There are 2 protein chains.
Amino acid sequence: MASKVTIIEVAKEAGVGTSTVSRVLNAQSVSNEKRQAVLHAIRKLNYRPNLMARNLRTNVSKICGLVIPDICNSFFGQIAGAAGAILEKQGYELIIANTGQKTEKQNDAMQTMVSRQVDGIMLCAIGGKADVANQINKDDCPIVVIDNKLERMEDLDSVMVDNVKSAYSLTEHLCMIGYRRIAIITGPLEQSSALERLTGYRRALADYNLQLDEEMIKEADFTIRGGRDAVSSLLYKKPDAIVAANNHLAIGAITEIRKSGFEVPDDIAVVGFDDTEVGELIDPPLTIMSQPAVEIGETAARLLLHRICNENETIPSQERVLPARLIVRSSCGFYKKLGQIV
Amino acid sequence: MASKVTIIEVAKEAGVGTSTVSRVLNAQSVSNEKRQAVLHAIRKLNYRPNLMARNLRTNVSKICGLVIPDICNSFFGQIAGAAGAILEKQGYELIIANTGQKTEKQNDAMQTMVSRQVDGIMLCAIGGKADVANQINKDDCPIVVIDNKLERMEDLDSVMVDNVKSAYSLTEHLCMIGYRRIAIITGPLEQSSALERLTGYRRALADYNLQLDEEMIKEADFTIRGGRDAVSSLLYKKPDAIVAANNHLAIGAITEIRKSGFEVPDDIAVVGFDDTEVGELIDPPLTIMSQPAVEIGETAARLLLHRICNENETIPSQERVLPARLIVRSSCGFYKKLGQIV
DNA sequence: GACAGTTTTTAAAACGATACCAAAACGACT
DNA sequence: AGTCGTTTTGGTATCGTTTTAAAAACTGTC
């Protein structure tokens with residue numbers, strides 16, 4: 001182990017005071033001669049500033065936190081990547097906490113981040129109470145909430161997708177193609193996004209004068225297994241189309257439909273949400289409402305930076321609602337029906 | 001903003017000295033009476049220790065760094081998730097740097113992490129020189145190298161997949177099914193994993209007495225586009241099977257094969273590497289060598305923790321080589337040929 | 001009730017950087 | 001050369017915690 005080299009050794013080596021070294025590091029005015037001496041010493045000793053010490057003194061860590069439920073899910077991966085890229089440009093680093101589907105763990109993760117003196121937090125929420133987030137946000141560590149609302153949020157910025165509208169569009173698409181017995185597999189309804197999507201589905205059915213059948217609504221967790229189970233408990237209702245709340249559910253649904261001897265989309269159409277890329281690859285290619293993950297990440301990062309840089313000003317909290325995009329592929333049967341009509 | 005509450009305020013509130021508070025925080029011996037007073041004060045003031053200050057004093061950050069080239073890639077997502085889970089159990093946190101495909105950025109990321117006083121680093125390398133990593137590793141910050149070797153690594157622990165053998169098995173599988181004109185789309189050959197896979201391919205061809213044709217070897221970057229381009233410049237050789245170095249390349253290959261009016265696997269079989277899940281979903285389901293991402297992440301984390309906890313002992317560097325697993329699905333045509341034979 | 005031995009407690013010195021302030025150096029102009 | 005104004009420089013306090021070493025408070029024994 002090389003003995004730790006601090007600013008003091010550098011100062012000695014360069015024959016200057018520590019404050020001069022500090023000034024060089026922070027690009028403040030130093031005579032060219034001394035600057036060169038310092039830079040030379042830094043290189044010679046292979047000195048790296050201790051950011052912990054710097055942050056302790058300046059009370060600025062240049063770290064932002066990102067709390068996500070599942071890092072393997074490329075939706076969150078994309079958010080993380082996009083947010084990280086924005087932050088990096090401003091000299092911030094990203095620390096990611098992977099919490100799973102527990103609100104307490106999300107809260108713990110945020111608390112730890114505060115202890116680590118992060119300058120701000122982005123929370124990909126899975127629902128639950130906003131108390132902890134509110135408190136942290138008040139205590140000078142701005143929080144941006146992503147994807148799901150929390151109960152009783154106060155003055156928190158947020159970046160959401162217009163889930164009601166997304167689900168409405170998707171269901172509407174099915175209605176317009178001519179499906180009449182449209183079922184839905186929702187995510188856990190304690191999540192606002194799941195609830196909102198259900199609302200969009202309901203509204204679309206109503207607007208297209210289709211009877212709503214509560215038994216055509218199945219709540220599931222976001223797994224392939226969940227999709228399969230939902231479908232198998234749904235088949236007796238003879239749906240002609242299914243709205244799945246995300247890709248995993250859609251994949252599970254397709255699998256189970258086929259296992260039961262039916263075809264997608266000929267017997268039952270399937271449409272989904274979420275990830276753009278994967279939907280393209282599966283069989284049949286999935287018609288989806290594509291979530292703008294990159295845009296979400298970027299928007300969240302920018303909102304956060306704005307808060308951090310203007311911490312003394314009181315800006316009213318902002319809610320950004322981003323649109324999802326309908327991507328029509330084969331699984332909804334649109335192109336086939338089109339062929340028949342023409 | 002609530003004024004920052006420090007250990008001093010807590011001490012005052014509880015009517016004790018700061019060291020007593022510190023002792024409570026660190027579970028050292030304190031009389032029950034004072035302990036209760038301190039805990040009460042902590043709750044009342046909503047005190048959270050400043051980990052920057054603690055780390056500065058103790059010279060232990062309880063943070064590990066993970067450097068990855070692409071967080072959107074679920075292979076790395078899985079590694080990150082698995083490693084994070086192991087570290088969390090030991091009270092460590094994970095800070096992730098997403099660097100893209102540039103070795104300098106990987107080095108920069110590691111340097112920054114050192115500045116941030118991480119206790120250790122896991123590097124999902126993309127090749128290049130080991131100088132920076134060697135230096136950091138010597139300077140008391142252990143590094144575990146993952147997935148790709150670096151040039152001139154000294155005393156670095158590593159976790160690798162047996163790429164030669166993987167590629168060999170995959171190619172062998174194609175040979176045994178009966179393919180004779182087997183092409184390969186490799187990744188960038190400056191990466192050891194890509195080179196090793198090529199080696200495995202070569203050996204398999206040799207062992208099965210197939211002529212090696214250099215023009216059947218195409219180097220590509222790891223993109224869908226890359227896969228398509230490679231195939232289009234390969235078709236004139238009339239391959240009957242293609243080994244693709246990862247999923248993206250495989251998907252691109254399949255797309256291009258179809259665009260050119262051929263069928264997979266009937267006209268040209270395709271097999272790939274990497275991700276287990278996605279391969280299952282695409283059309284046709286992909287025969288792959290599945291990379292044990294979770295195991296890689298866990299192994300790396302454990303190696304790192306071992307180094308961190310035994311920093312004074314000199315343990316010789318370890319290289320863990322994990323096996324990949326052949327998963328046979330439709331894209332290699334095995335089941336079809338089987339049907340024909342039976 | 002005093003003494004030795006043990007435990008609990010505290011005040012003060014770190015850790016490595018920056019910020020503040022006063023001293024030193026510089027330059028230009030009488 | 002002396003004065004004034006500006007820029008550059010270095011000494012020192014400080015950030016919030018742990019650690020160290022020494023004082024204080026117990027404990028039990030004679």
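None of these values were measured; they are calculated from a predicted model. Proteins get letters first, then strands, A, B, ... in listed order; numbering begins at 1 in each.
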> Find the distance Leu56(B):CG to dA13(C):C1' and express it as a whole number of Å.
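In whole Å, dA13(C) C1' and Leu56(B) CG are 13 Å from each other.
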> Can you tell if the side chain of Asp147(B) reaches within under 4.5 Å of the side chain of Phe75(B), non-hydrogen atoms only?
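Asp147(B) vs Phe75(B): side chains touch.
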> Round to the nearest Å and state the distance from Ile42(A) atom CD1 to dG16(C) atom P.
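Whole-Å distance recorded here is 16 Å.
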> Can you check side-chain contact (heavy atoms from CB on, under 4.5 Å) on Ile96(B) and Leu94(A), steps first, answer last?
CA-CA 7 Å; Ile96(B) 300 176; Leu94(A) 193 60; over 6 Å; no
> Starting at atom CD1 of Ile7(A), determine the distance to atom C1' of dA19(C), rounded to an integer number of angstrom.
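Result: 12 Å.
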> Can you see if the side chain of Asn55(B) gets near the phosphate of dC15(C) - specifically, an N or O under 4.0 Å from OP1 or OP2?
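No, no such contact exists.
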> Give the rounded distance in Å between these two atoms: OH of Tyr47(B) and P of dG16(D).
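Rounded to whole Å, this separation is 10 Å.
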> Is there a side-chain contact (heavy atoms from CB on, under 4.5 Å) between Val16(B) and Val24(B) once you walk through the steps?
CA-CA 11 Å; Val16(B) 300; Val24(B) 171; over 6 Å; no
> How many Å lie between CD on Gln117(B) and C1' on dA17(C), as a whole number?
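Roughly 11 Å, once rounded to whole Å.
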> Using only heavy-atom distances, determine whether the side chains of Thr6(A) and Glu9(A) contain a donor-acceptor pair under 3.5 Å.
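Note: Thr6(A) and Glu9(A) side chains meet the donor-acceptor criterion.
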> Ignoring hydrogens and angles, tell me if any N or O in the side chain of Ser22(B) forms a donor-acceptor pair with the backbone of Thr18(B) under 3.5 Å.
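No, Ser22(B) side chain to Thr18(B) backbone: no donor-acceptor pair under 3.5 Å.
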> Near Glu104(A) CD, under 6.0 Å, is it more than 12 heavy atoms from other residues, nucleotides or ligands?
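Buried by this count: over 12 neighbours within 6.0 Å.
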> Counting only side-chain nitrogens and oxygens, does Ser22(A) get under 4.0 Å of the OP1 or OP2 atom of dT18(C)?
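Yes.
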> Round to a whole Å and report the spacing from CG of Asn59(A) to P of dT18(C).
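That distance rounds to 14 Å.
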> dT18(D), OP1 or OP2 - any side-chain N/O from Arg54(B) closer than 4.0 Å?
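Yes, such a contact exists.
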> Between protein and nucleotides 5-11 of chain D, map the contacts as a letter string: B base, S sugar-phosphate only, - none, heavy atoms under 4.0 Å, written 5' to 3'.
---SBBB
> To the nearest angstrom, how far is Asn50(B) atom CG from dC15(C) atom P?
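These atoms are roughly 18 Å apart.
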> What's the closest nucleotide to the side chain of Arg57(A) if the choices are dA13(C), dG16(C), dT18(C)?
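The answer is dT18(C), which lies nearest to the side chain.
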> Figure out the CG/C1' separation between Asn32(B) and dT8(C), and round it to whole Å.
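Rounding to the nearest Å, CG of Asn32(B) and C1' of dT8(C) are 13 Å apart.
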> Just verifying a value: how many Å separate Gln78(A) CD and Cys72(B) SG, rounded to the nearest 0.5 Å?
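Taking CD in Gln78(A) and SG in Cys72(B), the distance rounds to 5.0 Å.
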